[in-house]
Protein chains: 2
Amino acid sequence: MGTGNGIVDDVDRALIAELQRDATQAYATLGKAVGLSAGAAHDRVRKLRERGVIRRTTVDVDPTALGRGVLAFVMVDSSAWMGDATESFAAVPEIQEAHIIAGTASVLVKVRTATTDQLQDVLRRLYTIEGVSGTQATVVLETFFERPVRAD
Amino acid sequence: MGTGNGIVDDVDRALIAELQRDATQAYATLGKAVGLSAGAAHDRVRKLRERGVIRRTTVDVDPTALGRGVLAFVMVDSSAWMGDATESFAAVPEIQEAHIIAGTASVLVKVRTATTDQLQDVLRRLYTIEGVSGTQATVVLETFFERPVRAD
DNA sequence: AGAACGGCTGAACGTCATTCGTTGTGATCT
DNA sequence: AGATCACAACGAATGACGTTCAGCCGTTCT
């Protein structure tokens with residue numbers, strides 16, 4: 001069940017690390033980087049996709065260039081069980097991540113907006129979600145780095 | 001003008017949204033999705049890369065499949081200015097993100113490990129960073145969603 | 001108005017993704 | 001042990017796609 005299907009060996013990890021770095025490179029290049037032919041590299045990557053280890057190929061974007069220069073983490077307190085509130089949080093487009101957490105708050109969300117005014121508006125909308133009783137927003141002043149999950 | 005950035009227009013945003021969804025699709029397909037020829041779509045995407053709006057093409061991976069099933073956010077308290085500590089945090093491979101934040105703590109990090117034991121070990125290593133005086137770890141019980149920055 | 005600029009189209013060309021038959025290897029069965 | 005099976009990698013063939021470019025059109029500037 002869930003996601004434990006199949007094994008991911010060292011070559012798979014090396015392939016994933018390469019793809020995380022640059023998913024546009026040719027399979028011949030990719031194969032050379034891990035000591036495989038183009039065909040074999042292609043085959044392994046295809047299987048990694050089929051098994052859901054690689055979820056998708058996507059692009060990393062500069063948030064500032066899209067007018068999402070304000071980043072904040074918000075601890076959401078609740079007076080009820082929030083386990084089924086996925087859709088409510090997903091409906092707020094400025095929310096980039098939402099997690100149920102252990103501890104006093106019950107949900108932690110990562111929010112990106114253009115301005116702090118818009119951040120305030122997101123907080124207002126959070127309060128309209130059933131069960132939400134409070135929020136504590138923490139604004140990010142500077143991001144050191146954001147990087148992919150370590151593959152090796 | 002959408003969100004206040006003149007160099008990224010609505011077609012660019014549509015292209016980015018499509019690429020975030022699936023960066024493997026052909027430029028002909030991509031162009032059709034936004035009402036452009038393959039050549040024109042290619043040209044715009046190339047320029048978005050050159051300008052740094054698109055930082056890179058990468059793959060999204062299932063953390064559990066890589067043995068990084070434990071996710072935690074750690075508030076790091078400090079007794080000194082942490083503005084130049086990028087490298088110290090980057091040196092800890094389990095740290096996926098590190099941000100300087102406003103408020104009582106001074107750094108917020110996102111950590112992925114295989115086990116809670118390993119999480120504890122990361123906390124121990126955080127204390128060895130110059131200026132770090134305390135940590136508050138919050139373990140994620142369930143992730144609702146993690147998605148790309150909204151492009152439109 | 002004329003010129004210059006920027007962006008789009010459609011086609012041509014070269015590269016690469018994708019498929020497939022073959023081979024080698026390590027495990028399982030008799 | 002020998003035979004069989006399952007799996008993975010190789011290397012070549014082919015068809016698709018990325019990439020480039022000349023020509024065209026709408027806009028802006030003088």
Side-chain angles (χ1 to χ4, degrees), chain A residues 1-62 64-67 148-152, chain B residues 1-62 64-67 148 151-152:
Chain A
M1 41 175 274
T3 42
N5 280 349
I7 57 165
V8 179
D9 66 15
D10 291 341
V11 177
D12 288 334
R13 288 174 187 273
L15 283 170
I16 291 169
E18 274 299 314
L19 287 174
Q20 285 176 329
R21 199 175 57 74
D22 178 13
T24 68
Q25 62 190 306
Y27 280 106
T29 313
L30 194 57
K32 199 170 296 177
V34 304
L36 241 49
S37 72
H42 184 271
D43 211 53
R44 291 184 84 120
V45 172
R46 182 182 52 75
K47 284 173 187 165
L48 286 169
R49 284 189 219 273
E50 276 175 8
R51 284 152 54 193
V53 177
I54 294 177
R55 288 176 167 155
R56 65 173 162 182
T57 303
T58 185
V59 289
D60 266 10
V61 175
D62 177 8
T64 307
L66 292 184
V149 182
R150 192 136 202 272
D152 55 355
Chain B
M1 79 167 162
T3 335
N5 199 326
I7 59 174
V8 179
D9 65 15
D10 291 340
V11 177
D12 287 333
R13 288 175 186 272
L15 284 170
I16 291 169
E18 275 299 314
L19 287 173
Q20 284 176 327
R21 197 174 58 74
D22 177 13
T24 68
Q25 62 190 305
Y27 281 106
T29 312
L30 195 57
K32 200 170 297 179
V34 303
L36 240 48
S37 71
H42 183 271
D43 212 52
R44 292 184 84 119
V45 172
R46 183 181 52 75
K47 284 173 186 165
L48 286 169
R49 283 190 219 273
E50 277 176 5
R51 281 187 258 152
V53 177
I54 295 177
R55 288 175 167 155
R56 63 173 163 184
T57 303
T58 186
V59 289
D60 265 10
V61 176
D62 178 8
T64 307
L66 291 184
D152 56 355

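- Residue Leu36(A) contributes atom CG, which lies 18 Å from atom P of dC7(D) at whole-angstrom precision.
- The distance from atom CD1 of Ile16(B) to atom CG of Leu66(A), rounded to the nearest 0.5 Å, is 5.0 Å.
- Checked for salt-bridge contact, Glu50(B) and Lys47(B) miss the test: no charged N lies under 4.0 Å from a carboxylate O.
- Distances were taken from every side-chain heavy atom of Ser37(B) (C-beta onward) to each of dT9(C), dA8(D), dG7(C); the shortest belongs to dT9(C).
- If you measure from atom CZ of Arg46(B) to atom P of dT19(D), you get 10 Å, rounded to the nearest angstrom.
- Between the CG atom of Leu30(B) and the C1' atom of dA16(D) there is a distance of 16 Å, rounded to whole Å.
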Look for any protein N or O under 3.5 Å of an N or O in nucleotides 13-17 of chain C and output each such pair with its distance, or none.
unit_1  : atom_1 : unit_2   : atom_2 : d
dA17(C) : OP1    : Tyr27(A) : N      : 3.3
dA17(C) : OP2    : Tyr27(A) : N      : 3.1

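- Asp9(B) has its CG atom 9 Å from the P atom of dG7(C), to the nearest Å.
- Each end of the helix from dA1(C)-dT30(D) to dT30(C)-dA1(D) gets its own axis from five base pairs, and the two axes differ in direction by 30°, given to 10 degrees.
- Salt-bridge annotation for Arg56(A) and Asp60(B): present, with a side-chain N of the basic residue lying under 4.0 Å from a carboxylate O of the acidic one.
- A straight line from NZ of Lys32(A) to C1' of dA9(D) spans 17 Å, rounded to a whole angstrom.
- Here OH of Tyr27(A) is found 10.5 Å from CG of Asp43(A). Values are rounded to the nearest 0.5 Å.
- Under 4.0 Å is where a charged nitrogen must lie from a carboxylate oxygen, and between Asp152(A) and Arg13(A) no such pair does.
- OP1 or OP2 of dG7(C) sits under 4.0 Å from a side-chain N or O of Lys47(B).
- Atom CG in Asp43(A) sits roughly 10 Å away from atom C1' in dT19(C) (whole-Å rounding).
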